[in-house]
Amino acid sequence: MRVLALLDGSLVDPESPLLRADDLGVQRGDGVFETILVVDGRPRELEAHLDRLERSARLLDMTLPERADWERAVRAVTDRWPWDAESELALKLVCTRGVDGGDGTPTAFASGQSLSAELLRKRAEGISVVTLERGIDPGMMERAPWLLLSAKTLSYAVNMAALREAERRGADEVVFTATDGSVLEGPTSNVVLAEGDTLVTTPPSAGILRGTTQGALFGAASEAGWRTAVEPVSVERLHRADGVWLASSIRRIVQVHTVDGAALEADPELHDRISKLYESQY
Ligand SMILES: Cc1ncc(COP(=O)(O)O)c(C=O)c1O
């Protein structure tokens, strides 16, 4: 199932072409996006996603349509979605720099689609990950802002290539590492560890995306008496942790059962507690 809306709230046929061949989003991956989980008609963390969309656009010196326009497009998609048949929807907000040599008007749309069977399987069964080098060091984000390390841009070809490499190595997912060996994030997720009564994630200052899902989980965890830490994490710590998860909007909180071929302590009860903590926010 697919539903496609423009920012004036009109619905368009998702099977029909929408972009021009000279759109800079197509030609250079020059644009920003967000992917939002909508459950039973309610978008999760919409404000945080729109904040991040605006932040990404600022990093790209791009003009973004008004927030009210995005909200209208979100409503158009969610109003049209058949909630009785499908209770979850992956909603993508996309904004490109517009056409090459144009007047700077961005191309923008909101697109909703069903979750894949593969994703639902990974949610239920957990995942194996391989660590792959990302080729950046922890200070790079500040030193080289033009690398857009903390922006959610449309240039995800490297992230997708890493996932294909994981598949070649027989794993489901990737955890990127920095040049000093520290853990960064997944190609489309943040890494979360449980160590005793503390939940840990890696710092956005290392050049990763600040996750809305990880943020929601840590908010719930703090309220429930967990301690939370945002700090550099070595790969070795993944092996020793009480639990490791990849967190992102559409996957929610997925348990990692294997890192680089070595089985982890994947306690189903702890996974249940962490999932319930996250769900308690909604
Ligand atoms: C590179 C990257 N890091 C982290 C995340 C997790 O972000 P969120 O929880 O807001 O979906 C994503 C989401 O797609 C991502 O692409």
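Fair warning: this is a prediction, and the values are worked out from it, not measured in the lab. Just so you know, ligand 1 is whichever comes first in the structure, and atom 1 is the first atom listed for that ligand. The chain is numbered in sequence order, starting from 1.
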Output yes when the distance from some N or O of ligand 1 to some N or O of Ser248 is under 3.5 Å, and no in every other case. no
Does ligand 1 have any atom that is closer than 4.0 Å to a heavy atom of Pro187? yes
Give the atom numbers and elements of ligand 1 that come within less than 4.0 Å of a heavy atom of Gly186. 1 (C)
Less than 3.5 Å apart, any donor N or O on the side chain of Ser249 or His49 sitting next to an acceptor on the other? yes
Going by the 4.0 angstrom heavy-atom rule, the piece of Lys152 near ligand 1 is side chain
Between ligand 1 and Arg52, can you find any atom pair, the residue atom being a heavy atom, that is separated by under 4.0 Å? yes
Would Ala216 count as a contact of ligand 1 if the rule is a heavy atom under 4.0 Å away? no
Proximity to ligand 1 by part of Ser189, non-hydrogen separation under 4.0 Å: backbone
Distance from Ser155 atom OG to Met160 atom CE, nearest 0.5 Å? 11.5 Å
Taking distance alone, with N or O pairs closer than 3.5 Å, would you say Gln214 contacts ligand 1? no
Can you check whether Tyr156 has an N/O within less than 3.5 Å of an N/O in ligand 1? yes
I want to check something: taking the side chain as every heavy atom from C-beta on, are Ser234 and Ser182 in contact at a cut-off of under 4.5 Å? no
Is the number of heavy atoms from other residues, nucleotides or ligands within 6.0 Å of CD (Glu167) greater than 12? no
Quick one: are Leu246 and Val191 in side-chain contact, heavy atoms under 4.5 Å? yes
Nearest protein heavy atom to atom 2 (C) of ligand 1, by residue and atom, and its distance? Glu185 OE1, 3.5 Å
Nearest protein heavy atom with distance in Å, relative to atom 11 (O) of ligand 1: Ser249 OG, 2.6 Å
If the cut-off is 4.0 Å to any non-hydrogen atom of Gly211, which atoms of ligand 1 fall inside it? 7 (O), 9 (O), 10 (O)
Please write down residue, atom name and distance for the protein heavy atom closest to atom 6 (C) of ligand 1. Asn190 OD1, 3.4 Å
My understanding is that only one of Val175, Leu184, Val174 makes a side chain to side chain contact (heavy atoms under 4.5 Å, CB included) with Arg134; could you say which? Leu184
